[in-house]
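If you're wondering where the values come from, they're calculated on a predicted model, not measured in any experiment. Along the sequence shown, residues carry numbers from 1.
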Amino acid sequence: MADFILILSIFSIWIAVFESIVIMAGAIRFINKQDKKGIQIPENMHHYPTVTVMVPAHNEGKVIVATVEHILRLNYPEDKVQVIVIADNCTDDTAEKLRSFLSQTSYLHRNVTVMERKGTGGKSGALNDGLEIATGDWICIFDADAAPERNSLMFLAQKSLENPEQYGVVFGRNKARNRGQNFLSKCINLEIITSQRVYHTGLWELFQLGSIPGTNYIIKTKLIREIGGWDVTAITEDTALSFEILNRGQFVALAPQAEAYQQEPEQLSVYMKQRERWAKGNYQVVLDNIHNLFNRSSWRNKLLVIYYAVSYFWFMLAIIVSDIIFLVNLVYRVIAIFKPEVISPFQFAGDAYVFLVIGWALMYFIYVLQINLALAADIGQSNTRNFIYACVSYFTYAQLFILISIKAFYSLIMDKIRKRESKWYKTERFG
C-alpha cells in the first residue's frame, strides 16, 4: 500500500511538472509575439464601444475617491463612459465622500451615478443592481481599491474589437500596488506576476482559454443580461461566470497591456481569510461544473474544468501526501542516527523514494524558474532580491496554500452537511 501511495504521488508530481513546462512554453511564445507586435495606440476612438464602468463598494471610504478619480482620468472618450458606483450596505461615509468629490466643477459634466443599496447578494447583488441602469455596450468592472492605468480601458476595448462576435469577456492584468511593504506582500506580488505573466498568457496562447479575475475586465452587456447577471450564490462569482460564458461558446480573452493596480493584504490573518474564500469558491465551482466533462459543452469548458479540478483536488492531494512522506522519513532518518532500531512507517521497495526526492527537487526548480520567467517579462521586477524571495517563498509562502486548501475544503464540506449558507468575506482596506 505504501508503495502504491508513493508511486501515485510521484506520478502526480511529474504530471504537474509537465503541465508547468507546457504552460511556460506557451507563455514564452506569447511574450515573444507581443514583443514583436508592440503597443498600438489608436489615432481616435470614434468606433470604440460605449462602456459602463461599475464599482461595487462596501464600506470603502478609505479608497473610493482615489479609485473613481483614476477611472475618470482614463484615456477613453468621455461621452462613451458611464460610471456607476454601488455603495453596498455601507455603514461608513463611502457615498458622502464620493458625492463631495464629484461636486467639483471639473467633474460635474461626467456621467457618474452613486447608487446606495440595502439589498442582499454581496458583490454579485450590487453588480446586478447596477446592471439594471447600465447603458453601455460593455460593462467594465473595477474593485473599489483599483487604480487602473490610464490606457487600461482603451486596451480592453481594443482587444474586444479584434473578434467582437466571439469575445464575450476581455480581461487585463492586475498588479500589487503595495508589493514592497513586507515579506507577505512581496510574496503575493510574485504569485500575481507568475499567475498573470505565465499561466494566463500560456493558457491563452496555447488554447485561447481565459478565466475572469474579479476586477479589470469588460463583459458584453447583452451577454451578462442573457445569463441573468452575476451569481449571488457563488463565493467566487468571477470563476463561476467564466464557466457560464464558455458554456455559451464565447471566449474569455486576454488583453495583456490593460493593467490596473490593487491593494493586497499586508497582514497574514487578512490574507488567510481572503484566500480561503477564493479556494472555497473554486472548489464549489469545480463541483458545480464537473458534469460538463460528460455533456456536449465546448472542449475549452472541459479543459478549464480539468485544469481547476487537477489543481485544486489531484495535485493538492498529491503534494500533501508526498510532503507527509518526505517529512516523516526525514524525521525517522534523524532519529535512526541515535536509535538504529527505529523504523519509518513508510518503507519502499528499491529506489522508489529516490524518485520522489528527484520529483520534489524538479518541482522546486520549475517553481523558481516560472517565477523568474514572469519577473523577466515585467519591467523592473527581475532583480537579485526577487530571485531570493522566489527561492525562499516555496518553503514558506507556497506552503500556506496547503493549509488554506484544507481549511477551505473542510469548510465547504461542513456547509453541505449543515446546510448553511457560505459567508462572503470582504477584504480589509487601508488608506
Side-chain angles (χ1 to χ4, degrees), residues 34 39 41 45 48-49 51-57 60 62-76 80-86 98 112 123 126-127 130 136 138-160 167 169-181 185 188-201 204 210-219 236-239 241-242 252-266 274 278 374 377-381 426-427 429-431:
Q34 288 296 308
I39 296 175
I41 304 295
M45 288 181 266
Y48 276 48
V51 179
T52 296
V53 180
M54 297 204 302
V55 183
E60 302 285 7
K62 293 180 180 179
V63 296
I64 194 62
V65 170
T67 297
V68 173
E69 187 173 13
H70 276 93
I71 291 171
L72 294 177
R73 291 180 178 177
L74 288 169
N75 179 25
Y76 208 82
K80 291 179 177 286
V81 178
Q82 175 195 26
V83 180
I84 303 174
V85 181
I86 308 102
L98 195 51
V112 183
K123 179 180 178 180
L127 292 174
W138 289 75
I139 303 291
C140 177
I141 307 300
F142 287 118
D143 280 347
D145 64 329
E149 292 189 343
R150 194 164 184 271
N151 289 318
S152 178
L153 181 56
M154 182 271 289
F155 284 129
L156 291 171
Q158 185 180 77
K159 185 67 179 183
S160 74
Y167 291 172
V169 170
V170 179
F171 69 100
R173 287 172 171 160
N174 299 309
K175 306 175 78 171
R177 64 199 296 185
N178 58 322
R179 62 194 184 201
Q181 291 301 109
S185 65
I188 293 174
N189 174 55
L190 297 181
E191 177 198 352
I192 291 174
I193 292 174
T194 305
S195 172
Q196 307 210 351
R197 293 184 178 270
V198 175
Y199 283 87
H200 286 181
T201 56
W204 177 251
S211 182
I212 302 172
T215 181
N216 192 24
Y217 71 91
I218 59 173
I219 182 170
T236 48
E237 80 295 330
D238 44 3
T239 309
L241 185 58
S242 298
V252 179
L254 171 64
Q257 290 92 4
E259 297 185 332
Y261 288 87
Q262 62 187 20
Q263 288 185 359
E264 297 298 338
E266 295 181 4
Q274 180 196 64
W278 290 0
D378 195 358
I379 297 174
Q381 293 269 27
K426 174 191 172 298
T427 304
R429 311 288 190 207
F430 46 86

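Once rounded to the nearest 0.5 Å, the distance linking CG of Leu153 with SG of Cys140 reads 5.0 Å. In this structure, CD in Glu237 is found 7.0 Å from CG in Leu127, a value given to the nearest 0.5 Å. To the nearest 0.5 Å, atom CH2 of residue Trp138 and atom CD1 of residue Ile218 are 4.5 Å apart. Atom CE of Met54 is separated from atom CD1 of Ile86 by 5.5 Å, given to the nearest 0.5 angstrom. Here the CD1 atom belonging to Ile193 is positioned 7.5 Å from the NZ atom belonging to Lys175, to the nearest 0.5 angstrom. Rounding to the nearest 0.5 Å gives a distance of 11.0 Å between CD1 of Ile141 and CG of Asp238.
Listed here is the closest heavy atom pair of Tyr76 and Tyr48: OH-CB, 3.4 Å. Minimum heavy-atom separation, Gln274 to Pro265: OE1-CG, 3.7 Å. Taking each heavy atom of Gln196 and Asn174 in turn, the nearest pair found is OE1-N, 2.6 Å. Nearest heavy atom pair, residue Asn216 against residue Ser152, reads OD1-OG, 3.1 Å. Nearest heavy-atom pair, Ala255 versus Leu156, reported as atom, atom and distance to 0.1 Å: CB-CD2, 4.1 Å. Looking at every heavy atom in both residues, Ala377 comes nearest to Arg197 through O-NH1, 3.0 Å.
With hydrogens and angles disregarded, a donor-acceptor distance shorter than 3.5 Å links the side chain of Thr67 to the backbone of Ala144. Judged by distance alone, with hydrogens and angles left aside, the side-chain atoms of Thr215 form a donor-acceptor pair with the main-chain N or O of Asp143 at under 3.5 Å. Of the possible polar contacts, none joining the Ser195 side chain to the Ile192 backbone as a donor-acceptor pair under 3.5 Å is found. Looking at Lys159, its side chain never comes within 3.5 Å of a backbone N or O of Ala253 through a donor-acceptor pair.
Residues Val81 and Leu74 have side chains not in contact (no heavy-atom distance under 4.5 Å, counting atoms from C-beta outward). Two residues are said to be in side-chain contact when any heavy atoms from C-beta on lie closer than 4.5 Å; Met45 and Met154 meet this criterion. Side-chain contact check for Asn151 versus Ile39: every heavy-atom pair is 4.5 Å or farther apart.
With hydrogens and angles left out, the side-chain atoms of Asn178 and Glu266 include a donor and acceptor closer than 3.5 Å. Side-chain contact annotation: Gln257 with Gln34, donor-acceptor N/O pair under 3.5 Å present.
Between His200 and Phe171, the ring center distance clears the sub-6.0 Å criterion.
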Kindly indicate, with the supporting measurements, whether the criterion salt bridge (Lys or Arg N to Asp or Glu O under 4.0 Å) is fulfilled by Glu60 and Lys123.
CA-CA 13 Å; Glu60 302 285 7; Lys123 179 180 178 180; over 6 Å; no

